[in-house]
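Step one of this worksheet: look at the structure below.
Below, chain A is the first sequence line, B the second, and so on; all start at residue 1. These figures come from a predicted structure and were not determined experimentally.
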Amino acid sequence: MADTAHAHIDEHHYTATGIDSRKLAIWTFIGSECMFFASLIGTYLVYKGRDLVGPKPHAEWLLNGVPQEQMLEIPLVTFGTSLLLFSSFFIVLALSGAQRGNRKALIGWLVATIFCGMFFVGMQVYEFTHFVHRGMGYTTNLFSSTFYTLTGFHGTHVTLGLIWLISVLVVALRGKLPPEKALNLEIAALYWHFVDVVWIVIFPVVYLIR
Amino acid sequence: MNASAHASTAAEVHQHAHPTWQTYTKIAITLFVLTALEVAAYEVVHRHAPAGLATMLEPVVVEVLLLLSAFKFALVAMFYMHLKSDGKLLSGIFGFSLLLAAVIALSLMVIFMYQYQHAPTANPLK
């Protein structure tokens, strides 16, 4: 009995606050990430609308004297945004499945989350490629530099989140994610929700506010 | 406090009531609707707008978009990230970080705006 109690303590790494140390650590990490993204968003806003040459995010611009349409493609990004939001929904259902010991729900919803995340990253890769083909490189103007830096860092975070979730999926498929280890998924899910809330801020700031 | 009592207390703290799948579904639908409203506000003001509605919405569209975004942010943080049920310490850590993040973003903006307005010769673009 005493051995079981000790094993329980060791497995969950509780701190003096009663909160698992890994959970406390991920929240502290998320806090530091908030400041990181705040500096990127602040920089984007500082330079917003100060370009001397095109491409323009929300207005027509000239390329070799030929008028070009606005750069940002709202419908595509709106679809990507919706999928990222739904991925947050799917991952809480996966977590709920893990906590109840429902392996089928855990794996099914986790696969759905990963699919949505992959589509989002694919959407960003397509968007960046399309922009480069339309003449917007990283150093073309202030908009391009700040846009690629901000959304690129976010995309990198989504990609890292995907690698993390795929690792958890592999563990779950091998049957090594029982309900008492659901916290492993909860921590990954917290990171995933964080990249979602960052996009909730980036989407209107970059794409919808002129 | 012995080890088993400590484990029990810790487990009690950890045992929090997460929302049900019905609540998660309602939040997902709300997030989707709010996103649709954001894009609708953009489309009405900047694209094919009925003149009256666009005129009414245009002066406040930025505030509307920021409010909708803040509401979505709060919903995800409270329900999907379980801050509503996980105790005040985690909410405090996240809230304090958000406060610092806001100060960082605003400081950057104020410093650079000041530079643009009061020291135009220092502006590398000029």
Side-chain angles (χ1 to χ4, degrees), chain A residues 1-2 4-6 8-9 12 14-15 17-20 23-24 27-28 30-39 41-43 45-47 50 52 58 74-75 78 81-82 85-86 88-89 91-93 95-96 99 142 183 186 189-190 193-194 196-197 200-201 203-205 207-210, chain B residues 2-4 6-14 18-21 24-25 27-28 31-32 35-36 38-39 41-43 45-46 61-62 65-66 68-70 72-73 76-77 79-82 86-87 89-90 93-94 96-98 100-109 111-113 116 125:
Chain A
M1 179 68 187
T4 314
H6 281 293
H8 184 72
I9 293 167
H12 287 282
Y14 285 115
T15 60
T17 60
I19 298 169
D20 188 284
K23 200 165 181 178
L24 207 52
W27 271 108
T28 312
I30 285 172
S32 70
E33 288 278 89
C34 286
M35 290 171 242
F36 173 72
F37 276 103
S39 64
I41 292 169
T43 308
L45 290 173
V46 163
Y47 290 125
R50 295 188 187 277
L52 297 180
H58 293 288
I74 309 297
T78 303
T81 303
S82 303
L85 288 172
F86 275 115
S88 265
F89 172 52
I91 203 166
V92 287
L93 295 181
L95 177 62
S96 176
Q99 287 167 338
L142 279 173
L183 188 67
E186 189 173 351
L190 281 171
H193 294 309
F194 170 71
D196 187 22
V197 291
I200 283 175
V201 178
F203 177 58
V205 167
Y207 291 89
L208 300 182
I209 295 175
R210 289 197 176 196
Chain B
N2 63 32
S4 61
H6 177 80
S8 169
T9 313
E12 276 166 24
V13 174
H14 186 70
H18 284 179
T20 59
W21 70 268
Y24 288 142
T25 309
I27 299 296
L31 289 171
F32 184 75
T35 306
E38 282 180 335
V39 179
Y42 171 85
E43 291 288 326
V45 171
H46 299 296
V61 72
V62 174
L65 288 172
L66 291 178
L68 290 171
S69 168
K72 284 164 66 182
F73 189 106
V76 174
F79 293 97
Y80 286 174
M81 297 174 94
H82 304 133
D86 266 2
L89 179 64
L90 298 179
I93 291 172
F94 191 50
F96 184 65
S97 307
L98 285 180
L100 285 180
V103 169
I104 288 169
L106 287 174
S107 304
L108 269 173
M109 292 170 75
I111 290 166
F112 279 89
M113 294 303 169
Y116 276 118
L125 294 174

| said: So, using side chain to side chain donor-acceptor pair (under 3.5 Å) as the criterion, who are the partners of Thr81(A) when residues are at least two apart? | reply: Trp199(A)
| message | I'd like to check the side chain to side chain donor-acceptor pair (under 3.5 Å) partners of Thr35(B); sequence neighbours left out, ordered by chain and number. | response | Lys72(B)
Does the side chain of [Y] come within less than 4.5 Å of [X]'s, by heavy atoms?
{"X": "Ile209(A)", "Y": "Leu66(B)", "answer": "yes"}
{"X": "Arg210(A)", "Y": "Val45(B)", "answer": "no"}
{"X": "Ser97(B)", "Y": "Ile30(A)", "answer": "no"}
{"X": "Leu190(A)", "Y": "Tyr80(B)", "answer": "no"}
{"X": "Ser82(A)", "Y": "Phe32(B)", "answer": "yes"}
{"X": "Phe89(A)", "Y": "Ile27(B)", "answer": "no"}
{"X": "Leu98(B)", "Y": "Met35(A)", "answer": "no"}
{"X": "Leu208(A)", "Y": "His46(B)", "answer": "no"}

| field | Between Tyr42(B) and Tyr207(A), ring centroids under 6.0 Å | value | no
| message | Taking side chain as everything from C-beta outward and backbone as N, CA, C, O, which of these in Ile91(A) sits under 4.5 Å from a heavy atom of chain B? Side chain, backbone, both or neither. | response | neither
| field | Most contacts with chain A, counted as non-hydrogen pairs under 4.5 angstrom, among Phe73(B), Trp21(B), Phe112(B) | value | Phe73(B)
| task | Just give me the residue among Thr20(B), Val61(B), Val62(B), Leu90(B) that pairs up with chain A most often, heavy atom to heavy atom, under 4.5 Å. | result | Leu90(B)
| query | Which one, Ile41(A), Val205(A), Ile74(A), Asp196(A), leads in non-hydrogen pairs under 4.5 Å with chain B? | reply | Ile74(A)
| task | Quick one: which of Ser88(A), Ser96(A), Ala189(A), Pro75(A) has the most heavy-atom pairs under 4.5 Å with chain B, could you say? | result | Ser88(A)
| request: Quick one: pull up CG in Leu95(A) and NE2 in His82(B) and give me the separation to the nearest 0.5 Å. | output: 6.0 Å
| query | To the nearest 0.5 Å, how far apart are SG in Cys34(A) and CD1 in Ile104(B)? | reply | 9.5 Å
| Proximity breakdown for Ile111(B) and chain A, heavy-atom pairs closer than 4.5 Å | neither
| query | Between Thr25(B) and chain A, which part of the residue has a heavy atom less than 4.5 Å away: side chain, backbone, both or neither? | reply | both
| Where Ala38(A) and Ala101(B) come nearest, the two heavy atoms and their spacing | CB-O, 3.2 Å
| field | Non-hydrogen atoms of Ser39(A) and Leu108(B) that approach each other most closely | value | O-CD1, 3.5 Å
| message | Around atom CZ of Phe96(B), are there more than 12 heavy atoms from other residues, nucleotides or ligands closer than 6.0 Å? | response | no
| task | Could you tell me how the ring of Phe94(B) sits relative to the ring of Trp27(A): parallel (under 30°), tilted (30 to 60°) or perpendicular (over 60°)? | result | perpendicular
| Checking His193(A) side chain against Met81(B) main chain: does a donor-acceptor pair fall under 3.5 Å? | no
